[in-house]
Every structure is written in structure tokens, then in C-alpha cells.
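Following: one structure in C-alpha cells, then a few remarks.
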Number of protein chains: 2
Amino acid sequence: MFSDRFDQLVQALRILPSVGPKSAQRMALHLIMKNREGAVGLAHALNEATSYIHECSICHSLTEDEVCNICASHDRDAHLLCVVESPADVMAIEQSGSFRGKYHVLGGHLSPLDGIGPDEIGIPYLVQRLSDGNITEVILATNATVEGQATAHYLVEATKHLPVQMTRIAQGVPQGGELEYVDSHTLSQAVHNRMRMK
Amino acid sequence: MFSDRFDQLVQALRILPSVGPKSAQRMALHLIMKNREGAVGLAHALNEATSYIHECSICHSLTEDEVCNICASHDRDAHLLCVVESPADVMAIEQSGSFRGKYHVLGGHLSPLDGIGPDEIGIPYLVQRLSDGNITEVILATNATVEGQATAHYLVEATKHLPVQMTRIAQGVPQGGELEYVDSHTLSQAVHNRMRMK
Ligand SMILES: [Zn+2]
Ligand SMILES: [Zn+2]
């Protein structure tokens, strides 16, 4: 529109999730007209983050150091390991404040049609982690999708020889979920997995 | 969350319009996990745009050169001048494809309570532009807000001595607007400014 560099900024903003052409234009105009200092700060933050953030060498979550805060922490229960698909899941569980153990990030889920087998998501390394004998319970927190379920079941099989308890996060009706708006698959699962109250 | 630089990136993304804490986190994770190359490209585009884009010396819209494409163009009608509040309005009108003249960006609207008078939005400079005698019609396309209306009326007064036709963009029910959802002020204006069809 105004100049090549303006159009290039609009294009560059399109890489952000759920930012379409109209919002990218609005963002570019906002930055150029109202907050150039913020734009320069954002450029700096992007360069710093991409240069310094990498995988934790133990759990494969994100860190700037050799080992992430959670792996390094002595306040977290080292007997309890939560297995998730991605760092986004670590973030979600941490923000729920419901877990005080350690994590293991697979970096995906089994998907044979896409050529993603156990080796591609580091299952041998996870089995090795569990063989050390320090971990007594593994909470399988892969997604409640077909692939996430298959991955969880595969992990149960792959660790059958180890004296480690394997649990799966509960699946059912979400908190505040009104039954009439819950999909029928979730509902039938919730009925099937009903819990005794008395 | 994962590290200081991750948190700084999340904070930096918050300067984007309508990006709250949750979307900023989602964006940061997406960039770090899925598109580092895009993130570096975005940083570059931000630095380039903030370094090279400035006001056009004639119309005060945005450009990388001394004078913007529209001011420099010989294909645009130099007798017709559209006065708007901001470069965002130039963009909106250009994208409507409804105007082939030149622009004048005020950079705001009159707002006496905020200390913004005629000098602050360069009205003397606009009057001088109109005094050159080249422009025969001015389309007042300030916003249809109280301040935009007041600014348009002020401009009519301030140019009374010049042989220039002053028009105002039409106000009424938007295309596709269903009457029941149009606010009553717009509706009463639309009735008042009704146009004869036969
Ligand atoms: Zn770690
Ligand atoms: Zn210009």
C-alpha cells in the first residue's frame, strides 16, 4: 500500500497464528503510526528468543539453558513424570497449577501414515528415562485425539516390563460444560467412565 | 514461563492491537516451535519499516521517499483532494477503489479539550495548499464522529474565502445493513438525508 517496506511488514505479520490480511494491515499501521518504539522492541525480542531458546536436554521442553527450570528444580517431585506432546501442553498444565512433578515432551504423537513412529517421537529415550528407577508414576497427558490416545496406549505397551505405574488424564465433560453443547462422543465416554459418588 | 526471553517475547507481542495475554503466548510458542525463520523475518521487517517509513512531505500520508506514490503520480486527478484524519483512512479509501484524486492527511481531528486546535492538525498548511488554485473540489472524509464532523465544519468555514467546492462523504445506512441492527442515530440521519429516486 504505502511503500514496499510497509507491504513487507504486513506480509511478515501474516506468519502470526490467526492473523489475516486485514488484521496484519491494522497491526502494521498501528506499529508505524502509534508505537515505533514497541515495534523495535518486538524485533529485538524476536531475535533474542529465536537465538537463545532451545530444547531442554532432559525433558525436551523449552529453555535458554542446558536444562529447563522444571528439570533443574529440587521442589518438584522427581518420582512423578507427566508425558505431553508439546511445550504448549507443558504451559497449559503449569498454568492449571495442578501438577508438581517433572515433564517429558514427546514433540508429537504417533502417526504411521505420516512416517512418525516411536523413534521419531523419542520413545526409546523415554523408556530409558523410566528405566533409571527414579520415576514411580507416569501421567500420560497426550491429547484426547485419536493420535494422542494411540500414543498413550503404545506407551503403556512399551513400558509393560518396567515397575512404573501408568495413568491417563481423565476424559469427560469439561467444567462448566452444559451437556446439550458437549459433543456426543465426549458424552458417551463420560457416561462410560462414570465415577462412583456413594 | 519457559525462560526470561520467552516471557519478554510474550510481553513484546502484547503491543499488537487486540492481542491479549493468551494470544501473545500462543503466538510466541508458534514462532519458537514452528517458524523461527518467519520470526527472524518479522524482526527484520519491523526494523526496516520503522527505519524507513515516514510522512509524505506533501500529503502527510506514509512513504519511504520524500513524496508518496499518490502525490507523485500523474495518473491521479490533481484537482480533487480528499481530506482524511489518518493514513489508515487513506488505506481504506484506496482499497474501496472509489477515488482517483489526491489526499491530505490531517493527522487527527479538532479536540479543544485535549488542546488540539487548527494548528495542531495543520489546517493553515491545508488552507495554503488550497490557495494554490490547482484544487477545485475538496472531499471532506473525516470520520463520522462528533470530532470528525466538527473538523469538517471548521474546514468549510476556514476555506470560505477560496473558490473551492467542499463536499462531505455521504452518511447513512451501510451497504447490506439491516435496519433493525443499525443504530438509531445513523437511521435518523439516513431518513433526514434521504435521496429522491423518482
Ligand atoms: Zn527440562
Ligand atoms: Zn503524499
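When reading the values below, keep in mind they use all heavy atoms of this one structure, side chains included, and skip hydrogens, waters and symmetry mates. Naming: A, B, ... by sequence-line order, numbering from 1 per chain.
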- prompt: Considering only heavy atoms, which portion of A/Leu31 lies under 4.5 Å from any heavy atom of chain B: side chain, backbone, both, or neither?
  reply: side chain
- request: Determine the option with the most heavy-atom pairs under 4.5 angstrom with chain A, choosing from B/Ala12, B/Gly41, B/Cys68, B/Ser86.
  value: B/Ala12
statement: When the 4.5 angstrom heavy-atom criterion is applied to A/His44 and chain B, the contacting part is neither
- request: Please step through side chain to side chain contact (heavy atoms under 4.5 Å, CB included) for the pair A/Gln165 and A/Thr136, ending with a clear verdict.
  value: CA-CA 6 Å; A/Gln165 188 178 338; A/Thr136 53; over 6 Å; no
- request: Sort A/Ser18 into side chain, backbone, both or neither according to what part of it lies under 4.5 angstrom from a heavy atom of chain B.
  value: side chain
- line: So, the part of A/Gln25 with a heavy atom under 4.5 Å from chain B: the answer is both
statement: Highest number of heavy-atom pairs under 4.5 Å with chain A among B/Ala45, B/Gly38, B/Ser23, B/Cys56 belongs to B/Ala45
message: Tell me if the NE2 atom of A/His161 is crowded by more than 12 foreign heavy atoms within 6.0 Å.
response: yes
field: Interface moiety of A/Val10 toward chain B, non-hydrogen atoms closer than 4.5 Å
entry: neither
task: For each of B/Glu48, B/Glu94, B/Met91, tally heavy-atom pairs with chain A at distances under 4.5 Å, and name the one with the top tally.
output: B/Met91
- line: On a heavy-atom basis, the closest approach of B/Gly172 and B/Ala190 is CA-CB, 4.0 Å
statement: Most heavy-atom pairs under 4.5 Å with chain A, out of B/Thr63, B/Val40, B/Asn35, B/Ile32, belong to B/Ile32
- line: One option among A/Ala28, A/Pro17, A/Ala88 has the most heavy-atom pairs under 4.5 Å with chain B, and it is A/Pro17
message: Could you check whether atom CD of B/Glu137 has more than 12 heavy atoms from other residues, nucleotides or ligands sitting under 6.0 Å from it?
response: yes
- request: Can you tell which part of A/Leu29 gets under 4.5 Å to a heavy atom of chain B, answering side chain, backbone, both or neither?
  value: side chain
task: Ignoring hydrogens and angles, tell me if any N or O in the side chain of B/Tyr103 forms a donor-acceptor pair with the backbone of B/His60 under 3.5 Å.
output: no
query: If you count heavy-atom pairs under 4.5 Å with chain B, which of A/Ile70, A/Asn47, A/Asp65 comes out on top?
result: A/Asn47
query: Atom CD of A/Gln171 and atom CG of A/Asn143: how far apart are they, to the nearest 0.5 Å?
result: 10.0 Å
Step-by-step side chain to side chain contact (heavy atoms under 4.5 Å, CB included) determination, A/Glu85 to A/Ile121: CA-CA 9 Å; A/Glu85 294 186 24; A/Ile121 57 171; over 6 Å; no
task: Can you establish whether the number of heavy atoms outside B/His153 located under 6.0 Å from its atom NE2 is more than 12?
output: no
- prompt: Tell me, side chain or backbone of A/Thr50 under 4.5 Å from chain B's heavy atoms, or both, or neither?
  reply: both
- line: Checked A/Gln95, A/Gln11, A/Glu64, A/His30 vs chain B; the most non-hydrogen pairs under 4.5 Å come from A/Glu64
query: If you count the non-hydrogen atoms of other residues, nucleotides and ligands that lie under 6.0 Å from OH in A/Tyr52, is the total more than 12?
result: no
